[in-house]
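One structure is given below, encoded as C-alpha cells.
Excluded from the calculations below are hydrogen atoms, water molecules and symmetry mates; all remaining heavy atoms, backbone and side chain alike, are included.
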Amino acid sequence: MKTAIVIPCFNGEKFVAGCMDALLVQTIQPDEIILVDDGSTDQSVQIARNYPIKIVNHSKNMGLAAARNTAIQSTDADILTYVDVDAYSLPDMHEQLLKHYTDPRISGVGGQGIEACQTTIEDKWRKCHASQSHGKHMIFGCDHLFGLCMSYQKKALLEVNGFDTRFRTNAEDVDIGFRINANGGILVYEPEAIVYHQRQDGRESLLKAMYFWYYWGFIARKVNNRQPWRLALGTLKRLLWKDTLSDLIHADRRSLVRLDIEIGIRKFRALIDASKFQAPEARNATR
C-alpha cells in the first residue's frame, strides 16, 4: 500500500526542521511527505522548502481538522500518517504503525507522545497528568487515537466524510475516532510508535490548553452521543484523587497540587461552557 506522512503546520517554524529531520530517517520511508501549511505567518514554509517534501498551502488559517482534510484530498496514498509539527519521531515510528495494517480489519493505528520538555512546573504537570498516551500496552479496539501521531486507511477516513471542521484546534482526533468506531472500524494503539512532544508551557498557556481540551472533548462526546457527562465525572475523579491526591503522596510532585486545583476549576468551567454549545451543521467536504 502507498503511504504518506502528513504534517499539519501553523506557525511551527521552531519545530519544522527537527520534525522533518526525524521523518527523513524513518526505517520505513513513506512514499511522500506532505506539509499542509495552515496560513502560517512565520518562516515555517521557507524552512520546509529546504526538504524534499510536498507543500500544500492554505491562504488563511482554517484549523487543524481542515488541514487534515486537505491532506486527504492531496494524495493518492492508501495510508495517511499524521504527525504534529512539534513532535519528534523515533526512527521506527512509521514502521511500528504500519505493521498492524497486515490485518485488513484495521482502520487506524496510533502511537504515543512522550513529553520531552520539563523546563517549567507546567511542563512537569503536563507530563504527569496530560500525556497523549493510552499507556504501555497495545490496545486492539480503542475509541480514539492521539492526533500528534496517528494513521488511518484513507478509505476509512472517506467513509466518515473526513475530519469535522468544527474542531479547529482540539478533539478532531477524538471525534473521528468515535465516528470510525461507529462505522464498524477498528483502531489500534501501538505504544512502540513513539514521538517526543516538544511543547513548552507557562501558566496561562497550560490553562488555556486544558480549557480547550475539555471544552472540545465534551462537544466531541455530545455530537457523537458518547455520554459527555462521563467526562465531568472523570474530571471530578482526577481533581479529588487521581491528580491531587497522587501529587500529595509523591514528595517530588507536591509542587503540582496548587496547579491541580487551578486546572481542575478551569476544566469544570470548560465543561459548563461546552454544555451550552449548540452544534451547527458539519462543514466537511472531503468527497
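Put simply, the side chain of Gln112 never gets that close to the backbone of Ser131: no donor and acceptor are under 3.5 Å apart. For the pair Asn69 (side chain) and Phe163 (backbone), a donor-acceptor distance under 3.5 Å is present. A donor-acceptor pair under 3.5 Å links the side-chain atoms of Thr244 to the main chain of Leu239, judged by distance alone. A side-chain donor-acceptor contact under 3.5 Å links Gln26 to the backbone of Met93. In this structure a side-chain-to-backbone donor-acceptor pair under 3.5 Å is missing from Thr165 to Ala65. Judged by distance alone, with hydrogens and angles left aside, the side-chain atoms of Tyr101 form no donor-acceptor pair with the main-chain N or O of Ile79 at under 3.5 Å. With Asp164 contributing its side chain and Arg166 its backbone, the two residues share a donor-acceptor pair below 3.5 Å. Side chain of Lys208 to backbone of Arg203: no donor-acceptor contact under 3.5 angstrom is found. In terms of modelled atom types and a separation under 3.5 Å, the side chain of Asp103 and the main chain of Arg105 share a donor-acceptor contact. Of the possible donor and acceptor atoms, none in the side chain of Arg179 sits under 3.5 Å from a partner among the backbone N and O of Asn224.
No donor-acceptor contact under 3.5 angstrom links the side chains of Thr81 and Tyr152, judged on distance only. Asp173 and His144 are not linked by any side-chain donor-acceptor pair at a separation below 3.5 angstrom, with hydrogens and angles left out of the test. Using modelled atom types, one finds a donor on one side chain and an acceptor on the other under 3.5 Å when comparing Thr27 with Glu95. In summary, the side chains of Asp175 and Trp216 do not present any donor paired with an acceptor at a separation below 3.5 Å, with no hydrogens or angles considered. When only modelled atom types and interatomic distance are considered, Asp247 and His129 share a side-chain donor-acceptor pair under 3.5 Å. In this structure, a donor-acceptor pair under 3.5 Å is present between the side chains of Asp38 and Asn61. Glu32 and Thr75 share a donor-acceptor pair across their side chains, judged by distance under 3.5 Å alone. Judged purely by distance below 3.5 Å, without hydrogens or angles, the side chains of Glu190 and His100 pair a donor atom with an acceptor atom. Side-chain N/O atoms of Asp123 and Thr120 include a donor and acceptor closer than 3.5 Å. Side-chain contact of Tyr196 with Ser89: a donor-acceptor pair under 3.5 Å is absent, judged by distance alone. Under 3.5 Å, the side chains of Asp37 and His58 contain no donor-acceptor pair of N or O atoms. A donor-acceptor contact under 3.5 angstrom links the side chains of Lys14 and Gln200, judged on distance only. Of the N and O atoms on the side chains of Tyr51 and Asp21, at least one donor lies less than 3.5 Å from an acceptor on the other residue.
Atom NE2 of residue His250 and atom CG of residue Leu248 lie 11.0 Å apart, to the nearest 0.5 angstrom. Between the CD atom of Glu262 and the CH2 atom of Trp125 there is a distance of 11.0 Å, given to the nearest 0.5 Å. A distance of 4.0 Å separates CD1 of Ile186 from CZ of Phe140, quoted to the nearest 0.5 Å. The CD1 atom of Ile33 sits 11.5 Å away from atom CD1 of Ile55, with the distance rounded to the nearest 0.5 Å. Residue Gln153 holds its CD atom at 10.0 Å from CD1 of Ile180, rounded to the nearest 0.5 Å. Expressed to the nearest 0.5 Å, how far CG of Leu231 lies from CD1 of Ile219 amounts to 11.0 Å.
For the residue pair Tyr88 and Ala22, the shortest heavy atom distance occurs at CE1-CB, 3.7 Å. Across all non-hydrogen atoms, the minimal contact from Arg253 to Ser246 is NH2-OG, 2.7 Å. In plain terms, the two heavy atoms of Gln118 and Lys124 that are nearest each other are OE1-CA, 3.4 Å. Here the shortest heavy-atom pairing between Ala270 and Tyr214 reads CB-CB, 4.1 Å. Closest of all the heavy-atom pairs between Val85 and Cys9 is CG2-SG, 4.1 Å. Residues Cys19 and Val83 approach most closely at SG-CG1, 4.4 Å, considering heavy atoms.
A 6.0 Å sphere centred on CZ of Arg254 holds more than 12 heavy atoms belonging to other residues, nucleotides or ligands.
Between Arg238 and Asp243 there is a salt bridge, since a side-chain N of the basic residue sits under 4.0 Å from a carboxylate O of the acidic one. In summary, Arg199 and Asp201 engage in a salt bridge, as defined by a charged side-chain N under 4.0 Å from a carboxylate O.
Considering Lys154, Lys2, Lys54 in turn, Lys2 is the only one that fulfils the salt bridge (Lys or Arg N to Asp or Glu O under 4.0 Å) rule with Asp76.
For the pair Tyr82/Ser151, no side-chain contact is recorded, criterion being any heavy-atom separation below 4.5 Å from C-beta on.
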Requested in this report: Show the numbers, then the answer: is there a side chain to side chain contact (heavy atoms under 4.5 Å, CB included) between Ser133 and Tyr189?
Outcome: CA-CA 9 Å; Ser133 167; Tyr189 167 70; 3.0 Å; yes
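Geometrically, Arg269 does not engage Tyr211 in a cation-pi contact, judged by NZ or CZ lying under 6.0 Å from the ring centre and within 45° of the ring axis.
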